[in-house]
Amino acid sequence: MPELPEVQTVVTELNRKLSGKKIVEVSVRLPKIVALGPGTLPPKRRAQVHKVIKFIKLLKGQKIKSVTRRAKIIIIDFYGPLSLLVHLKMTGQFIYFRKSQLQKRVRILNKPTAPLLSLPTKYTHVIFTFTDGAKLFFNDTRQFGYLKLVSDAELPHVRELQEFGPEPLARAFSSQVFENILKRRPNMPIKQLLVDQSLIAGIGNIYSDEISFRAKVRPARRVKTLNEKERHAVFAAIPFILKKGIAAKGSSVGDFVRTDGSWGTMGKYHYVYMRAGQPCKICGTMIRSMKFGARTSSFCPKCQK
DNA sequence: TGGATTTCCTGTCCGC
DNA sequence: TGCGGACAGGAAATCC
């Protein structure tokens with residue numbers, strides 16, 4: 001499940017690999033995965049053939065200037081007046097192979113038992129081919145992700161780029177900024193607040209659980225019940241945990257893979273996420289889990305108050 | 001306006 | 001061996 005550290009890993013790698021490359025061919029194998037223009041995607045996405053044709057036509061011949069990120073959205077910027085916005089959601093993957101690597105086989109599911117597959121697989125929905133024969137594959141098992149092509153003029157009107165809270169690794173994300181966010185949602189469980197993209201950008205289920213653990217605060221604690229020390233512990237844990245995730249090239253619990261198909265290593269450093277029923281690495285107490293709406297949150301009942 | 005709920009989607013896992 | 005159902009979850013839409 002790509003969150004800020006996973007998306008940052010992909011962005012760093014793609015920026016290095018794709019900058020200066022020119023697209024010669026675009027293959028869209030699942031039409032509903034691509035979109036044009038700034039509007040939000042309807043709940044039930046329908047394939048619109050004319051849009052797919054236009055999507056391909058606009059991208060052919062484009063040269064990539066840079067690959068950046070806002071929250072969990074990947075922004076591929078072209079020298080022309082276009083940007084491609086990509087959201088990986090839960091199971092989206094970008095895998096890049098040079099021409100000489102195209103026969104390479106990878107495990108796109110992060111289990112040792114998953115089969116080694118050559119690309120494209122049946123989950124490969126979009127393929128970009130570059131002038132040097134290299135290819136970029138977009139895979140997405142659950143089809144929640146999307147690739148949205150917008151013009152530079154449309155960029156300020158893209159709703160999903162407007163409604164993000166501050167970047168938690170930016171210098172501007174001070175303790176005062178965090179305190180102000182907490183003041184806006186006194187009744188919210190701290191876990192809910194951490195994953196709300198309109199309040200803080202980029203944190204999802206994995207990292208919110210790990211941040212709560214490091215701060216020794218239970219995910220269900222309502223914001224207004226946190227004392228000053230606890231609030232500061234949460235604030236300090238946010239960049240600490242996110243930077244750790246980036247250093248490990250992401251967590252590969254779930255379906256995340258790096259752009260060469262290899263796995264991130266953050267998973268083995270998790271204290272609580274996906275560890276319900278296992279002993280706490282600090283105190284040995286059984287890790288418990290609870291539900292917030294549709295989301296599961298794990299915590300140590302002894303280490304976290 | 002905040003908060004809860006539903007929806008999109010498919011692979012995996014568990015019980016029978 | 002196969003089937004049904006629960007579950008996983010980011011975030012938009014919808015409802016109260």
Side-chain angles (χ1 to χ4, degrees), chain A residues 1-8 10 29-35 37-48 69-74 85-93 107-115 117 121-125 138-148 157-165 168 181-210 219-220 222-224 250-257 267 270 272-277 289-298:
Chain A
M1 278 124 252
E3 301 179 24
L4 190 153
E6 288 76 25
V7 175
Q8 185 60 54
V10 170
R29 295 148 48 98
L30 184 68
K32 68 163 191 176
I33 220 86
V34 306
T40 52
L41 293 105
K44 193 108 184 168
R45 284 190 252 161
R46 287 180 301 123
Q48 290 177 284
R69 173 188 72 73
R70 173 73 173 110
K72 300 176 197 169
I73 293 180
I74 297 167
L85 310 180
V86 183
H87 202 310
L88 303 174
K89 292 288 178 98
M90 252 99 65
T91 53
Q93 306 172 332
R107 283 194 178 85
I108 62 166
L109 294 173
N110 287 287
K111 293 194 305 179
T113 55
L117 302 170
T121 72
K122 66 170 171 169
Y123 309 116
T124 304
H125 306 314
F138 179 78
N139 303 329
D140 190 355
T141 314
R142 288 183 210 166
Q143 305 175 12
F144 281 10
Y146 61 81
L147 295 86
K148 183 187 284 187
H157 308 291
V158 178
R159 198 178 133 188
E160 64 258 43
L161 286 176
Q162 305 309 311
E163 301 187 349
F164 285 129
I181 292 168
L182 295 177
K183 281 196 191 111
R184 285 165 59 191
R185 293 289 189 279
N187 292 311
M188 207 179 234
I190 186 67
K191 196 240 167 43
Q192 298 277 87
L193 180 137
L194 290 171
V195 300
D196 189 325
Q197 301 303 298
S198 69
L199 298 175
I200 306 170
I203 301 172
N205 218 22
I206 299 174
Y207 292 93
S208 59
D209 275 6
E210 295 300 321
R222 292 193 188 271
V223 166
K224 64 183 175 191
S251 165
S252 281
V253 174
D255 298 341
F256 174 70
V257 293
H270 290 337
V272 285
Y273 181 75
M274 286 287 273
R275 294 196 68 249
S289 72
M290 63 176 295
K291 284 262 188 183
F292 284 93
R295 284 167 148 161
T296 304
S297 183
S298 303

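Protein chains get the first letters and strands the later ones, always in sequence-line order, with residue 1 at the start of each.
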Task: Candidate nucleotides C:dA11, C:dA8, C:dG9, ranked by approach to the side chain of A:N205 - the nearest - done: C:dG9
Task: Given C:dG9, B:dG2, C:dA12, the nucleotide with the shortest approach to the side chain of A:F144 - done: C:dG9
- [ ] Quickly work out the A:Q192 CD to C:dG10 P distance and round it to whole Å.
- [x] 11 Å
- [ ] Indicate whether any N or O donor in one side chain lies under 3.5 Å from an N or O acceptor in the other, for A:K89 and A:Q143.
- [x] no
Task: Whole-Å gap separating P (B:dG2) and NZ (A:K224) - done: 14 Å
Open item on the list: Let's see if you can work this out: which of B:dT10, C:dA11, B:dG3 has an atom nearest to the side-chain heavy atoms of A:H87?
Closed with: C:dA11
Task: A:R295 side chain near C:dG10 phosphate (N/O to OP1/OP2, under 4.0 Å) - done: yes
Task: Whether A:H270 and A:Y207 hold their rings parallel, tilted or perpendicular, with breakpoints at 30° and 60° - done: perpendicular
TODO: Would you kindly give the CE-to-C1' distance between A:M90 and B:dT7, to the nearest whole Å?
DONE: 11 Å
Task: Integer-rounded Å distance: C:dG9 P and A:M274 CE - done: 7 Å
Open item on the list: Whole angstroms only, please: what is the CD1-P distance between A:I73 and C:dA11?
Closed with: 8 Å
TODO: To the nearest Å, give me how far apart OH (A:Y146) and C1' (B:dC9) are.
DONE: 16 Å
Open item on the list: Any base atoms under 4.0 Å from A:T296, or only sugar-phosphate, or nothing? Heavy atoms, all strands.
Closed with: sugar-phosphate
- [ ] Please determine, for the side chain of A:Q143, which listed nucleotide (C:dA11, B:dG3, B:dT10) has the closest atom?
- [x] B:dT10
Task: Of the listed nucleotides C:dG9, C:dA13, B:dG11, the one nearest the side chain of A:T141 - done: B:dG11
Open item on the list: To the nearest 10°, give me the bend of the helix from B:dG2-C:dC16 to B:dC16-C:dG2, comparing the axes of its five terminal pairs at either end.
Closed with: 50°
Task: A:E160/A:R70 ion pair, N-O < 4.0 Å - done: no
Task: Heavy-atom closest contact (A:Q197 atom, A:A71 atom, distance) - done: OE1-CB, 4.3 Å
Task: Integer-rounded Å distance: B:dT10 P and A:Y123 OH - done: 10 Å
Open item on the list: Measuring to OP1 and OP2 of C:dA11, would you say a side-chain N or O of A:K72 lies under 4.0 angstrom away?
Closed with: yes
Open item on the list: Between A:K291 and B:dT5, is there a contact of a side-chain N or O with OP1 or OP2 at under 4.0 Å?
Closed with: no
- [ ] Would you name the heavy atoms of A:H125 and A:D140 that are closest together and state the gap between them?
- [x] NE2-O, 2.7 Å
- [ ] Consider the side chain of A:R159, meaning its heavy atoms from C-beta on, and name the nucleotide among B:dC9, B:dG3, C:dA13 that approaches it most closely.
- [x] C:dA13
Task: Heavy-atom pair with the smallest gap, counting every atom of A:I206 and A:E3 - done: N-OE2, 2.7 Å
Open item on the list: From CG of A:L88 over to P of C:dA11, roughly how many Å is that when rounded to an integer?
Closed with: 11 Å
Open item on the list: Which nucleotide wins on minimum distance to the side chain of A:K32, given the candidates C:dG9, B:dC9, C:dA11?
Closed with: B:dC9
Task: Heavy-atom pair of closest approach, residues A:R69 and A:Q8 - done: NE-OE1, 2.8 Å
- [ ] Kindly point out which of C:dG9, B:dG3, B:dG11 is positioned nearest to the side chain of A:N187?
- [x] B:dG3
TODO: Among C:dA8, C:dG9, B:dG2, find the nucleotide with the atom closest to the side chain of A:R185.
DONE: B:dG2
- [ ] Only one of A:V195, A:D196, A:I203 passes side-chain contact (heavy atoms from CB on, under 4.5 Å) with A:L199; say which it is.
- [x] A:D196
